[in-house]
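Below, chain A is the first sequence line, B the second, and so on; all start at residue 1. Below, all heavy atoms of this structure are taken into account, side chains as well, without hydrogens, waters or symmetry copies.
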Protein chains: 2
Amino acid sequence: MAYRETPAVRMRLDAARERLVTEATAVVAEVGWAGASVGVVAAAAGMSAGSVYQHFASKTALAVEVFRRAAGREVEVLGAVLRDGGGDAVARLACGVEIFARRAFERRGLAYALLAAPADEAVCAERLEFRHRYRALFAEVVREGTAAGLLPPQDPEVTAAALTGAVGEVLVDPLAVPGTDAAAEALLAELTAMALRCAGARTVQGGTDDR
Amino acid sequence: MAYRETPAVRMRLDAARERLVTEATAVVAEVGWAGASVGVVAAAAGMSAGSVYQHFASKTALAVEVFRRAAGREVEVLGAVLRDGGGDAVARLACGVEIFARRAFERRGLAYALLAAPADEAVCAERLEFRHRYRALFAEVVREGTAAGLLPPQDPEVTAAALTGAVGEVLVDPLAVPGTDAAAEALLAELTAMALRCAGARTVQGGTDDR
DNA sequence: GGAAGAAGTGAACCATGATTCAGACCTTGG
DNA sequence: CCAAGGTCTGAATCATGGTTCACTTCTTCC
């Protein structure tokens, strides 16, 4: 007996694992899941392919971790806005959708990877799982909105699923093809308006809007 | 010179190719894209793996054909209803969504494969392409609806994308987990109602619905 | 019936990329 | 400094599954 893991070592290991996840996320955002081979990811993190297995049991496990971290942040943010965003349920819904979309635009590559890029079985399963979480969050505001009489009677789960799918689908194309900032802003406005209609909110957004 | 392709032979070849596509479709509906290896598909069609290459240049080409055929049928049907379904734009939209969903329920496995099952790059690309077609169809009715004053001003492309995503997302879960017929009917009602709201149609479907 | 020329077979071949592992190199406590 | 026990490396190994191909089995036409 002469060696025992010391805090310094633990820290280095943890840092390496962390760097691995971070870099893997960047690689995925850049080239998608298909292009993120163990070799490429390891190189990006400055380690050998073999070392990846020091931190994760398999490539799949790493991919799942990458997905969970990134998607988890979004669920977190969306949940915060939807639950404690201020204003009534309808206002929070609009705000949530807008912020979600804005964040996606700020990290196009990653957003695309999370939402739509071809991925293997395990990542697809995670996607499904996280879509359920988004759905649960949306369902909650919709439920609240109907309870408050702001929204018409409806099955909150269906509307929530629809919102999840709608927002994703509307974003996929613009995320893939850059486009101008102005176009992005216009899209955001249309997107939130659509989301409110989808939940049945009384038309407020028309306002001074002309055309 | 002693052999020339005869009509009978051509027919047999065409039939074999056809059977291959049909059986491959069935296999995909059953076990998904991942499970549909060349060997399995060939066996299902009653031929050897090698013979598959008599009809398709690659497994990918076969997969793409399978997808196009199946998805093409749906585009066809949806387009027919949306364009020439009878009634005003709103009525046709409702009808289109309902029929689309109904058809999906009638072929759960296939619908799931087309909409959401993990697939390789090429099939994902087809999926994208076909989603654009659905979108174009929806955009057309929405455009017509707004022109007729039945729907509020909106970007038809955004609404169309949203409808495409929303319908798909709402269906994915129920398609994966069986459920009762009654539940399916209820879902259909909610789904079409949601679609109309999404496009901003004045609430008609509620009947006794107030506000 | 037989030559010419497909079509059909399925085992061998290959490409890809994840995973392993024997050895090199560090860290630690004594 | 040493022994013990990690960590790290990267080339070799494996697994998977698409693709090829030498060979067999039809078909056609003279």
Side-chain angles (χ1 to χ4, degrees), chain A residues 1-21 23-24 27-28 31-67 117-124, chain B residues 1-21 23-24 27-28 31-67 117-124:
Chain A
M1 184 271 296
Y3 180 89
R4 197 97 59 85
E5 184 181 83
T6 208
V9 172
R10 175 77 275 146
M11 200 160 295
R12 249 189 323 104
L13 283 178
D14 288 351
R17 187 191 145 104
E18 203 58 26
R19 191 168 61 251
L20 183 53
V21 173
E23 292 303 317
V27 170
V28 166
V31 300
W33 301 98
S37 67
V38 172
V40 168
V41 167
M47 65 178 71
S48 70
S51 287
V52 168
Y53 293 84
Q54 192 88 34
H55 305 288
F56 293 93
S58 67
K59 176 199 158 115
T60 295
L62 169 57
V64 165
E65 171 92 11
V66 165
F67 191 98
D120 61 22
E121 213 85 26
V123 169
C124 281
Chain B
M1 183 271 296
Y3 179 89
R4 198 98 59 84
E5 184 181 86
T6 208
V9 172
R10 175 77 276 146
M11 200 159 295
R12 246 189 325 104
L13 283 178
D14 289 350
R17 187 192 145 103
E18 204 56 27
R19 190 170 61 252
L20 184 52
V21 172
E23 292 303 317
V27 170
V28 166
V31 301
W33 302 97
S37 67
V38 172
V40 168
V41 168
M47 64 178 72
S48 70
S51 288
V52 169
Y53 292 84
Q54 193 88 33
H55 305 288
F56 292 93
S58 66
K59 176 200 158 116
T60 295
L62 169 56
V64 166
E65 171 93 9
V66 165
F67 191 98
D120 61 23
E121 214 85 25
V123 169
C124 282

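- If you measure from atom CE of A:Met47 to atom P of D:dT7, you get 13 Å, rounded to the nearest angstrom.
- At least one side-chain heavy atom of B:His55 sits less than 4.5 Å from a side-chain heavy atom of B:Leu13.
- To the nearest angstrom, P of D:dG17 lies 13 Å from OH of B:Tyr53.
- Residues A:Val41 and A:Glu23 fail the side-chain proximity criterion, which asks for heavy atoms closer than 4.5 Å.
- We find that CD of A:Gln54 is positioned 13 Å from C1' of C:dC21, with the value rounded to whole Å.
- Not one N or O on the side chain of A:Asp14 forms a donor-acceptor pair closer than 3.5 Å with the backbone of A:Arg17.
- Each of D:dC8, C:dA7, D:dT19 was ranked by its minimum atom distance to the side chain of A:Ser48; first place goes to D:dC8.
- OP1 or OP2 of D:dT9 sits under 4.0 Å from a side-chain N or O of A:Ser51.
- Whole-Å rounding puts the B:Glu121 CD to D:dG18 P distance at 16 Å.
- For A:Phe56 and C:dT19, the CZ to P distance is 13 Å, given to the nearest whole Å.
- Put simply, CG on A:Leu62 is 10 Å from P on C:dT19, counting in whole angstrom units.
- With A:Lys59 contributing its side chain and A:Tyr53 its backbone, the two residues share no donor-acceptor pair below 3.5 Å.
- Atom CG in A:Asp120 sits about 16 Å away from atom C1' in D:dA15, given to the nearest Å.
- Note: CZ (B:Arg10) to P (D:dT27) measures 15 Å, nearest angstrom.
- Dashed line: the shortest gap from a side-chain N or O of B:Ser37 to OP1 or OP2 of D:dG17 is not under 4.0 Å.
- Within the 4.0 angstrom heavy-atom criterion, only backbone atoms of the sugar-phosphate kind lie near A:Ser58; the bases stay farther away.
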